[in-house]
Amino acid sequence: MVSGSEIALLSVFVSTIVASALLFVVIVVKAVHRRRMRSFERRYAVYLRLLAQQVAVKNPRRKLDSAVVTDPAFLDALIDLRQTVKGPEVEKLDGLVDELGLVAHQEKLLHRRWPPTKRFRAAVALAEMGDDSSTATLITALEDRHQEIRVQAARGLARMGHRPAIDHILQRLGAETPWVRARFGDTLIRFGNAATEPLVRYLRAGATLADPEGAVEVIRILGAAGDPEAGPALLDALLHATHPEVRLAATSALGRVGGPTAAPIVLAAFDTGGWRLRTRAAHALGELGDPIALPRLERALSDPDWWVRRNAASALAKLPGGTTVLYACLASKDASARDAAAEALAAVGAIAESRRRAEAGLARTDDLRLLALVEAT
Amino acid sequence: MILETLRWVGFAILGYFILMQVFLLVLSLISAWELRRIHITNRFGRVADMMSSQTSPPISIVIPAYNEAAGIVEAVRSMSIVGYPRFELVIVNDGSTDDTLGKLIKAFDLERVRIPYRPDIPTAPIRAFYRGRGTVDITLLDKENAGRADALNAGINAARFPYALCTDADVILDAGCLVGAMKRFVEDRVRTVAVGGNIRPLNGSTVDLGHLVRARVPRRIIPRMQLLEYLRTFLAGRPAWSVMGALPLISGAFGVWKRSAIIAVGGFTVGHLGEDMDMTLRLHRYHRDRGIPYRMVYEPSAVIWTEVPETLRVLRRQRMRWHRGLMRIVRDNRSLAFRPRYGTLGMVIWPSMIAFEYLAPIIEAAGWLLIPLAVYLGAINLSTIGLMLLLAFTAGLINSLVALLLDESYGYFNDAKGTGRLLVMALIENFGLRQLTVAWRIRAMFGGRTTHRWGNMERRGVGNLGREELAG
């Protein structure tokens, strides 16, 4: 039978060995990591200088060896330089990339199953280089099991402006995690107006019903891209979609996309949802800047919901004639409407103007009312 | 009989410390796995794209300030250029008696305004509101003094965006910290209610105009000991809690909260010495009690830097305050323990916090008294005790070394001197400093009303520095 002290002795022996080994490992890891980092920084600096010479000088003396394509420092230097140069320098760099067979090498790494970090790095490199010859690889990579590679693939295709990829990305949108969906969304924005038509097609194909989360992301993208061609589809979504988040997203997007038909429809939809829809509608009407919204926004200053009143005041400040309504609201019995009006007037510099006029002895009634409200505790 | 009892009590105490270190080691291993996964996402998942994304959720940065005239302007300037597309700064002057308010108004060209302030959470009266007229979106509230929690509540009330970062006026935000934290919200906007960040001691580092230029291991022993503690906590503990869905604490220096969630639970508890842990646990209870799906996570890439106490006097105040806060939290949340309704938090993490944090000073103090007595009376063999102490020591050392290994992915302390200082600290921290913190915590448990106060932390102020090294 093993005694307690024998167990204690054995445990101490084992833990001392483990602690000693770990101590050794920590020292070695830190030393190796430090050396690797410094070596990486040195190589990076050398590659950057060489690449810059290749680009700047007509017949550079020193040529690059194709073995550099395996060096991550070279890849980083190439990517960083590519992001800073323009015009003919970019073509020179692309020519160099072809000469070295860099794209083929990265594609080979990406096609492997292991190791994952080399695959990730290959995906980043292909995305950053944006070489047309890698489009097929990147489109395949949109289905990769690692989300980081899917994100990189989409980025690369957007950098190339490869329009057929838009539909591929859209097909994946509904099945993706929210994080990847958001990154795909940023990628689609990069396509600019070229993405409008596929995105609109996606919405009109019933996405608002079948895939509301994907539809919300698409609407958000259309709003961020700001292409007026998307207006009709967004109006459709606002009027006919049943999912509340889709309608909310469409309302917000319409504020950015604009268009002459937007304001009347947003106005018509103002009271067809809850306080969230009214809030977004008020905000959108302010962005659209159409004075037909004035009466409705003035009524919204007395809305039962606090956020609606606040957004209505903020929107009025952006409309022609809106500040007149806001000054009148300073006399309202509703304290939060008065405060919302004062906040909106401050945003357009009215308080500073009122103070200047007051100091010059030219203050109007509205100025005095505004300053009195501001100074009250 | 007495000797036999003493013998078993002595073994039990030592067994307790060995068990604690084993538990921490298990947490470290889980943390290592989670950190690796997060590291890959952050390195290759284009998290930085969020800095220019037009669809990133907007955030309000709430900064309570009390008598921060020395460094508030530089601190706010530094926060105003944090890398994030859409945010506002909401500064709450909590009845400062120095010129905090005046300095802010002058430096940022603030004008007195009126805003539709809705007190979703009741607070002390607000005297005035100010807004910036420049490019930085700043709202300043001037209110009557009522403490940090009350100031945070006022800031939450005034915040215009759905997410609020609650932080302090004397921290330095790392360039990508907001992006890192908000990424966790984007992953699951519906369920995520809070994200905690990674706090690192700034002492000994080089700071220039309110920005970290180079991180260094502090020369002084006291901040260096705390650096090791923070590494163990934030790298070897929190990731594990987070992945288990049982994060008991989102630190007050960096916590991003869903504004509606804070309002739903009535805001931070005014006068509480541990308002951050109190809020975290209340959110857990609120959602669990109502069956609302939620998550609270920790993001290790959301790094902020803060000054830690450099003297024993200030460290003592801090540790006594923390322990008093913990005592109240344990008292208020006793019913969490061993309740299946609260999941891993209730069944594992909360009981372990009570056992290994709250009770640890008492058990350790009892050990220092009883074990020598047991040896003297011959109840325990000196060599056996020595072996067990050595076992506890090596287990603790293993945990510190694992934390140092996990820190390597950040690459902050990769010079030989810094590594050496940290390794020496890992070896010596159990000989004196640890026992001091135990004594302070005992004092906090049994001390008088003087232990109930916040105390003056005597910071130099990170925003008040030019290009110089912080002492340490």
Side-chain angles (χ1 to χ4, degrees), chain A residues 4-5 8-9 11-12 15-16 18-19 22-23 25-27 29-31 33-34 37 116-117 120-121 123-124 146-149 151-152 155 177-179 182-183 185-186 189 217 220-221 224 306 309-310 313 335-340 342-343 346-347 349 351-352 355 370 373-377, chain B residues 11 18 21 40-41 43-47 49-50 52-56 111-118 125-129 131 133 160 183-184 186-190 381 383-384 386-388 390-391 393-395 397-398 401-402 404-405 408 411 413-416 418-420 422-423 426-427:
Chain A
S5 44
L9 191 61
S11 305
V12 167
S15 69
T16 307
V18 169
L22 208 44
L23 188 62
V25 165
V26 168
I27 294 170
V29 163
K30 281 193 172 279
H33 192 203
R34 189 167 61 246
M37 272 177 60
T117 42
F120 298 148
R121 195 179 277 282
V124 171
H146 291 290
Q147 67 177 25
E148 294 80 12
I149 289 177
V151 167
Q152 293 299 338
R155 274 188 77 244
T177 62
W179 169 249
R183 299 284 65 73
D186 291 333
I189 291 172
E217 191 62 43
R220 219 179 260 160
I221 295 163
W306 185 82
R309 295 197 292 272
R310 194 175 192 181
S336 65
R338 282 200 309 267
D339 291 344
E343 181 188 37
I351 294 179
R355 284 209 171 99
L370 178 59
L373 183 62
V374 164
E375 296 301 325
T377 53
Chain B
F11 282 141
I18 293 165
Q21 296 301 338
I40 286 172
T41 302
R43 206 168 145 204
F44 299 107
R46 302 312 303 175
V47 179
D49 281 354
M50 276 184 71
S52 55
S53 170
Q54 295 169 57
T55 58
S56 297
E111 67 172 352
R112 187 162 174 168
V113 297
R114 190 83 180 180
I115 68 171
Y117 176 80
R118 188 170 71 175
I126 312 290
R127 294 178 198 144
F129 301 95
R131 275 262 165 86
R133 284 178 284 190
R160 285 178 288 177
K183 170 180 75 77
R184 304 312 298 270
V186 171
E187 285 172 356
D188 190 340
R189 290 192 200 217
V190 174
N381 192 301
S383 60
T384 306
L387 285 174
M388 292 190 78
L390 191 56
L391 185 59
F393 169 77
T394 51
L397 178 63
I398 288 170
L401 293 173
V402 169
L404 288 178
L405 264 180
E408 194 53 29
F413 309 120
N414 55 10
D415 60 307
T419 303
L422 284 172
L423 289 174
L427 289 166

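No experiment lies behind these values; they were computed from the predicted model shown. Letters A, B, ... mirror the listed sequences (proteins, then strands); counts begin at 1. Keep in mind that the numbers below use all heavy atoms, side chains included, and drop hydrogens, waters and symmetry copies.
Rounding to the nearest 0.5 Å gives a distance of 11.0 Å between OG1 of B:T394 and CG of A:L22.
Ranked by heavy-atom pairs under 4.5 Å with chain B, the first of A:D186, A:D339, A:V26, A:V18 is A:D339. Between chain B and the options A:A182, A:A123, A:S11, heavy-atom pairs under 4.5 Å are most frequent for A:S11. Across B:L427, B:L422, B:D415, the residue that shares the most heavy-atom pairs under 4.5 angstrom with chain A is B:D415.
Looking at A:I189, only its side chain comes within 4.5 Å of chain B, counting heavy atoms on both sides. The part of B:Y117 that comes within reach of chain A is its backbone (N, CA, C, O), which places non-hydrogen atoms under 4.5 angstrom from that chain. Using a 4.5 Å cut-off between heavy atoms, B:A416 contacts chain A through both its backbone and its side chain. Of the two parts of B:R131, only the side chain, counted from C-beta on, holds a non-hydrogen atom closer than 4.5 Å to a non-hydrogen atom of chain A. Heavy atoms of A:T177 lying under 4.5 Å from chain B are absent altogether. Proximity to chain A (any heavy atom under 4.5 Å) is shown, for B:R184, by neither the backbone nor the side chain. With a 4.5 angstrom heavy-atom cutoff, B:I398 touches chain A via backbone and side-chain atoms both.
In plain terms, the two heavy atoms of A:A352 and B:R133 that are nearest each other are CB-NH1, 3.7 Å. Scanning all heavy atoms of the two residues, the minimum distance from B:L387 to A:V12 falls at O-CG2, 2.9 Å. In plain terms, the two heavy atoms of B:E111 and A:R355 that are nearest each other are OE1-NH1, 3.9 Å.
Side-chain contact between A:L23 and B:L423 is present, with heavy atoms from C-beta onward closer than 4.5 Å. Using a 4.5 Å cut-off on side-chain heavy atoms (C-beta onward), A:H146 and B:I40 make no contact. You'll find the side chain of B:P116 reaches within 4.5 Å of the side chain of A:E343, heavy atoms only. A 4.5 Å side-chain heavy-atom check between B:L401 and A:V25 finds every atom pair outside the cut-off.
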### Task
Please assess B:R118 against A:R310 for the test side-chain contact (heavy atoms from CB on, under 4.5 Å), listing each intermediate value before the final yes or no.
CA-CA 11 Å; B:R118 188 170 71 175; A:R310 194 175 192 181; over 6 Å; no
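Within the 3.5 Å criterion, the main-chain N or O of A:R338 finds no donor-acceptor partner in the side chain of B:R114.
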